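To start, the structure itself, in structure tokens.
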Amino acid sequence: NWWLLIIPTILANIGEEQLVPSTASIIPSENTGQLWPTTLTSGYALPPLLNLEGITIELVDAISPIIESVQPTNNAEGVSANSNIILTFSEQVFYDGNEINNENALNCFRLENADTGQNLGFELSNLDDITFTINPEDDFSENTYIRLVILSSIEDFNENHFISNTITFRTEDITPPIIDNISLSTTNEYIIITFSESVYSNNSGSGALSLSDFSLNFDSNNGNCQDVILVGLANNYGAPLIGGESIIQVLLQLESAPSGVETFFINPQDSYSIFDLSGNSMSINSLSSELTLYASAMIDTFFISDSNEYV
């Protein structure tokens with residue numbers, strides 16, 4: 001009594017009918033005196049169906065863990081400065097076979113200020129070896145790129161290592177621009193205004209400033225000059241504004257020669273005149289420091305000689 005046993009080849013494309021070489025092993029059968037029926041086609045035979053009842057096949061995990069979700073998302077903008085970072089992996093992960101915790105967290109994660117390269121401290125919360133919360137020790141700086149590096153030292157239960165990855169996002173900008181500094185040229189021809197950040201005329205972060213965005217408050221203090229007006233704007237190099245400048249020149253026109261006691265200061269025309277890139281508006285109460293005009297030579301009196309030869 002013989003039974004024809006076909007040894008099948010395990011193929012990658014499961015579900016498709018596949019042919020295997022017709023090489024067979026003949027072994028005694030205890031149940032039948034017949035050969036197992038096979039159909040030969042061009043030297044190949046169709047494998048018989050296998051009865052897997054009672055057979056356990058152990059599959060080997062050879063797939064690296066991945067990140068299934070992260071908050072904030074990669075390349076997110078306007079992230080709250082007091083945000084935590086929440087990572088969810090595709091499976092349980094460990095460090096060197098041990099639970100990932102605060103003691104080994106720096107071997108698995110690196111949190112940085114991407115603008116400066118400064119390492120940022122954090123506390124780690126491990127929910128179930130799958131979901132981790134990174135809680136920064138301090139609030140992030142606003143309008144700053146933050147980078148989280150997830151290292152390949154992280155591995156799953158079968159020691160498949162995570163492929164190193166980086167998450168980057170930028171925090172929100174919530175502080176409005178202000179006038180940081182103001183100075184007057186010694187000729188009284190222009191003032192130089194330095195803002196705390198780049199400024200625009202629209203809340204969409206676009207447009208160049210214009211004269212109508214400013215208000216000049218003048219006090220003659222009984223000096224000779226009775227008024228000063230703004231007549232032009234330029235960038236720090238004297239070229240026209242295009243928007244996004246943080247230093248500008250404001251050209252002045254004096255009504256008459258100053259005595260050196262006249263003062264003035266600058267502020268926005270209103271709270272909807274000057275904006276930063278994120279649309280934060282400069283307050284109308286953002287005043288420059290007070291400036292004093294430099295005294296200029298002037299003619300107090302004059303007369304012409306009787307001979308008309310001189311004055």
Side-chain angles (χ1 to χ4, degrees), residues 75 77-78 113-117 141-145 170-220 223-298:
N75 297 321
E77 295 280 344
N113 180 323
D115 293 335
T116 65
S141 300
E142 67 172 287
N143 198 28
T144 300
Y145 282 102
R170 185 163 66 174
T171 56
E172 62 186 339
D173 177 5
I174 59 176
T175 300
I178 60 173
I179 297 174
D180 263 351
N181 188 53
I182 187 170
S183 60
L184 175 66
S185 69
T186 56
T187 59
N188 297 321
E189 292 180 294
Y190 61 88
I191 56 177
I192 298 177
I193 301 177
T194 301
F195 299 97
S196 57
E197 55 185 311
S198 300
V199 290
Y200 304 85
S201 62
N202 301 316
N203 62 5
S204 59
S206 63
L209 299 183
S210 63
L211 290 174
S212 61
D213 293 325
F214 294 94
S215 174
L216 185 146
N217 303 273
F218 179 78
D219 189 343
S220 68
N224 185 67
C225 182
Q226 295 301 304
D227 196 14
V228 173
I229 59 174
L230 309 178
V231 294
L233 299 177
N235 66 19
N236 198 35
Y237 304 100
L241 301 182
I242 60 173
E245 293 83 6
S246 59
I247 301 176
I248 66 170
Q249 296 180 13
V250 182
L251 306 182
L252 306 177
Q253 180 176 303
L254 280 59
E255 177 269 340
S256 58
S259 305
V261 296
E262 301 89 341
T263 58
F264 68 94
F265 64 88
I266 296 281
N267 64 286
Q269 182 65 40
D270 52 44
S271 294
Y272 306 97
S273 299
I274 302 175
F275 303 86
D276 65 13
L277 183 63
S278 298
N280 299 304
S281 63
M282 182 181 293
S283 169
I284 191 173
N285 297 318
S286 180
L287 311 178
S288 74
S289 57
E290 188 175 74
L291 297 175
T292 302
L293 294 176
Y294 292 99
S296 296
M298 55 185 176

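Just so we're clear, the structure is a prediction, and the values are computed from it rather than from any experiment. All values below come from the heavy atoms of this structure, side chains included, with hydrogens, waters and symmetry mates left out.
- The CG atom of Asp276 lies 9.0 Å from the OG atom of Ser198; values are rounded to the nearest 0.5 Å.
- Of the possible donor and acceptor atoms, one in the side chain of Asn113 sits under 3.5 Å from a partner among the backbone N and O of Thr116.
- Between the Ser271 side chain and the Ser283 main chain, no donor and acceptor come within less than 3.5 Å of each other.
- Here Phe195 contributes atom CZ and Ile178 contributes atom CD1; the two are 11.0 Å apart, rounded to the nearest 0.5 Å.
- Contact check for Phe218 versus Leu293: side-chain heavy atoms found under the 4.5 Å cut-off.
- Annotation: side chain of Glu290 is not in contact with side chain of Phe264 (no heavy-atom distance under 4.5 Å).
- Shown here are the side chain to side chain contact (heavy atoms under 4.5 Å, CB included) partners of Thr292, two or more places apart in sequence or in another chain: Thr263.
- Under a 3.5 Å cut-off, the side chain of Glu189 and the backbone N or O of Thr186 do not form any donor-acceptor pair.
- For Ser183, the side chain to side chain contact (heavy atoms under 4.5 Å, CB included) test picks out Ile192, with sequence neighbours left out.
- Residues Pro176 and Ser281 share a closest heavy-atom pair of CB-O, 3.1 Å.
- Across all their heavy atoms, Ile182 and Ile266 have their closest contact at CD1-CG1, 4.0 Å.
- Taking the side-chain hydrogen bond (donor to acceptor under 3.5 Å, both in side chains) definition, one finds that Asp180 meets it with nothing, sequence neighbours left out.
- In plain terms, the two heavy atoms of Pro268 and Ser286 that are nearest each other are CD-O, 3.3 Å.
- Among residues two or more places apart in sequence or in another chain, the side-chain hydrogen bond (donor to acceptor under 3.5 Å, both in side chains) test is passed with Ser273 by Asp270.
- With Leu252 as the fixed residue, the side-chain contact (heavy atoms from CB on, under 4.5 Å) test singles out one of Ile191, Asn188, Ile229, Thr187: Ile191.
- Between the side chains of Asn217 and Asn267, at least one donor N or O sits under 3.5 Å from an acceptor N or O.
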Pair up each side-chain donor or acceptor in residues 231-248 with any protein partner under 3.5 Å, not counting sequence neighbours, and list the distances.
residue	atom	partner	partner atom	Å
Asn235	OD1	Tyr237	N	2.8
Asn235	OD1	Gly238	N	3.0
Asn235	OD1	Ala239	N	2.9
Glu245	OE1	Gly243	N	3.1
Glu245	OE2	Ile242	N	2.8
Glu245	OE2	Gly243	N	3.2

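- Two residues are said to be in side-chain contact when any heavy atoms from C-beta on lie closer than 4.5 Å; Ser288 and Ile193 fail this criterion.
- Between atom CD of residue Glu197 and atom OG of residue Ser278 there is a gap of 7.5 Å, rounded to the nearest 0.5 Å.
- In this structure, Ser141 OG and Asp173 CG are separated by 12.0 Å, a value rounded to the nearest 0.5 Å.
- One distance of note links CD of Glu255 with CD of Glu262; it measures 9.5 Å at 0.5 Å rounding.
- A donor-acceptor distance shorter than 3.5 angstrom exists from the side chain of Asn224 to the backbone of Ala257, with no hydrogens or angles considered.
- Rounding to the nearest 0.5 Å gives a distance of 9.0 Å between CG of Leu230 and CG of Leu251.
- In terms of the side-chain hydrogen bond (donor to acceptor under 3.5 Å, both in side chains) criterion, residue partners of Ser204 (sequence neighbours excluded) are, by chain and number, Ser206.
- Taking the salt bridge (charged side-chain N to carboxylate O under 4.0 Å, His left out) definition, one finds that Glu77 meets it with Arg170, sequence neighbours left out.
- Ser212 is linked by a side chain to side chain contact (heavy atoms under 4.5 Å, CB included) to Ser210, counting only residues two or more places apart in sequence or in another chain.
- By the side chain to side chain contact (heavy atoms under 4.5 Å, CB included) test, Ala295 is found to be paired with no residue, residues two or more places apart in sequence or in another chain being considered.
- Checking side-chain atoms of Asn143 against main-chain N and O of Glu172 turns up no donor-acceptor pair under 3.5 Å.
- Under the 4.5 Å side-chain criterion, counting only non-hydrogen atoms from C-beta, Tyr200 is not in contact with Ile274.
- Between Leu291 and Phe265, every side-chain heavy-atom pair lies at or beyond the 4.5 Å cut-off.
- Inter-residue side-chain proximity for Asp213 and Phe275 is flagged as unmet; no heavy-atom pair is nearer than 4.5 Å.
- Listed by chain and number, the residues in a side-chain hydrogen bond (donor to acceptor under 3.5 Å, both in side chains) with Ser289 amount to none (sequence neighbours excluded).
- Among all heavy-atom pairs drawn from Pro177 and Ser196, the shortest one is CA-OG, 3.4 Å.
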